[in-house]
There are 2 protein chains.
Amino acid sequence: MVYMVTHGTACLYKMLTDGRRQVVGFALPGDFLGSPFSDRYPCSVYAINEVTVRQLLRGPFLTFLRAHPKSLSLMLEAALQEKTAAHDHMLLLGRGTAEEKFAEFIISWRARAGRRGALANLVPLPMSRRDVADFLGLTIETVSRVVTKLERENVLRVTPEGLQLMGSTERPLLFERSYKVT
Amino acid sequence: MVYMVTHGTACLYKMLTDGRRQVVGFALPGDFLGSPFSDRYPCSVYAINEVTVRQLLRGPFLTFLRAHPKSLSLMLEAALQEKTAAHDHMLLLGRGTAEEKFAEFIISWRARAGRRGALANLVPLPMSRRDVADFLGLTIETVSRVVTKLERENVLRVTPEGLQLMGSTERPLLFERSYKVT
DNA sequence: CGAATCGTTGAAAGCAGTCAACTAGGGTGG
DNA sequence: CCACCCTAGTTGACTGCTTTCAACGATTCG
């Protein structure tokens with residue numbers, strides 16, 4: 001079974017028997033959950049806020065895709081992009097410091113979530129600290145400490161509506177990247 | 001431009017300006033490098049051993065895919081699988097200990113590399129310690145220490161041909177997983 | 001009000017990182 | 001043939017960032 005998110009935000013995660021959890025991503029409207037090729041779910045999902053999905057039966061969906069190569073092509077393009085995004089996040093998880101992880105998360109979340117309208121400086125954070133921590137491979141305490149530190153440095157401000165990024169955000173990104181393509 | 005690996009093993013990685021590196025995967029024969037939809041390379045590549053590839057021009061390849069939905073479908077299936085693999089690795093990077101990271105790596109590398117024939121207990125490791133370390137988000141020193149520890153515990157033996165896994169490998173995997181699918 | 005959940009803060013511990021010394025092979029050139 | 005160098009890998013001592021453990025504050029809800 002495949003689902004397509006139509007409204008809301010979902011959290012995708014994997015969990016170990018001892019409770020350790022890794023959030024692998026967040027699904028926004030337009031994103032697909034599951035694969036039309038397998039009846040195993042690649043990971044667990046839970047709704048962060050009110051979420052609605054469109055259910056797609058595996059068989060009929062496959063038939064549809066075979067009949068509409070254009071859609072198939074779009075799905076492949078999206079899947080490849082998501083693979084690249086996953087690789088980017090690996091870099092963060094494997095090599096980033098706590099502060100870099102959080103900064104990069106805010107920047108990219110702002111770009112994704114605030115797609116309606118220009119990049120706002122008020123970034124809504126519908127997910128809990130635990131979700132953020134598990135996404136970044138940190139503990140909630142460490143996330144809290146990083147937020148406090150950035151707040152003290154006037155990089156951002158915590159409001160009930162989300163994180164208010166200060167102007168200084170455009171300055172040297174904490175987590176610069178430059179790919180040497182060989 | 002897209003390439004398909006036909007022989008050998010390649011290493012895919014991303015790197016930061018300060019030299020920190022994350023290996024995002026290893027490409028074996030049959031794997032594709034790059035995307036037919038974008039002319040940006042998603043990551044850097046280097047050949048671990050003698051590698052041959054088949055070069056596919058983006059335009060003609062796209063035309064071919066449009067004319068052969070079956071191939072398109074196979075590429076989508078592969079891309080979705082790789083996305084799942086990337087997510088699995090995120091769990092390892094974000095939540096695994098050094099020992100769990102290495103153990104899981106050996107197990108899954110054996111499954112992939114030793115596909116010809118049954119799962120051998122002699123696992124060849126064509127890549128360097130640095131590649132392994134950068135794949136697991138560790139330092140070469142830590143990898144070395146883990147190997148030494150596992151060798152002392154008679155879990156494996158280091159030989160010039162690769163890692164010799166002892167029988168005890170079938171026992172409780174060091175990194176058990178169990179997905180609570182909601 | 002009490003209970004529960006979520007988040008913050010502080011102190012201490014621990015796992016992996018850093019720095020450095022050392023070993024082992026492999027290639028080169030005198 | 002062997003001294004030399006260079007690279008890959010190992011090992012040890014120490015440091016440090018993040019985790020762990022614990023207490024506290026804020027908010028919501030019955």
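Each chain gets a letter, A, B and so on, in the order its sequence line appears, and its residues count up from 1. Every value quoted in this text rests on a predicted model; they were computed, and no experiment measured them.
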Fill in: Separation of atom CG in Leu93(B) from atom P in dT18(D), rounded to whole Å
16 Å

Response to the item:
Atom CZ of Arg130(B) and atom P of dG17(C) are separated, to the nearest Å, by 11 Å

Worksheet item: Rounded to whole angstrom units, what separation is found between the CZ atom of Arg20(A) and the P atom of dC15(C)?
Response: 12 Å

Worksheet item: Taking CD from Glu141(B) and P from dC22(C), how many angstroms apart are they, rounded to a whole number?
Response: 16 Å

Worksheet item: Within the structure, does a side-chain N or O atom of Thr142(B) lie under 4.0 Å from either OP1 or OP2 of dG17(C)?
Response: yes

Fill in: Atom pair distance, as rounded to whole Å: CG in Asp134(A) and P in dT19(D)
11 Å

Item to complete: Indicate whether OP1 or OP2 belonging to dT19(D) is found under 4.0 Å from a side-chain N or O atom of Thr139(A).
Response: yes

Worksheet item: Does a side-chain N or O from Arg129(B) land closer than 4.0 Å to OP1 or OP2 of dT10(D), or not?
Response: yes

Worksheet item: What distance do Gln22(A) atom CD and Leu93(B) atom CG have between them, rounded to the nearest 0.5 Å?
Response: 8.0 Å

Worksheet item: For the pair made of CD in Glu151(A) and P in dG7(C), what is the distance, rounded to whole Å?
Response: 14 Å

Item to complete: Kindly say if Thr148(B) contacts the phosphate of dT11(D), meaning a side-chain N or O under 4.0 Å from OP1 or OP2.
Response: yes

Practice prompt. Measure from CD1 on Ile48(B) to P on dA8(D) and round the result to the nearest Å.
Written response: 14 Å

Worksheet item: dC17(D) P sits how many Å from Glu99(A) CD, rounded?
Response: 11 Å

Worksheet item: dG12(D) base to Arg145(B) side chain: any donor-acceptor pair below 3.5 Å?
Response: yes

Discussion item. Tell me whether the count of non-hydrogen atoms from other residues, nucleotides or ligands lying under 6.0 Å of CZ in Arg130(A) goes above 12.
Written reply: no

Item to complete: Please answer whether the main-chain N or O of Phe135(B) pairs with a side-chain N or O of His89(B) as donor and acceptor at a distance below 3.5 Å.
Response: yes

Practice prompt. Please determine, by modelled atom types, if Thr97(A) and Glu99(A) share a side-chain donor-acceptor pair under 3.5 angstrom.
Written response: no

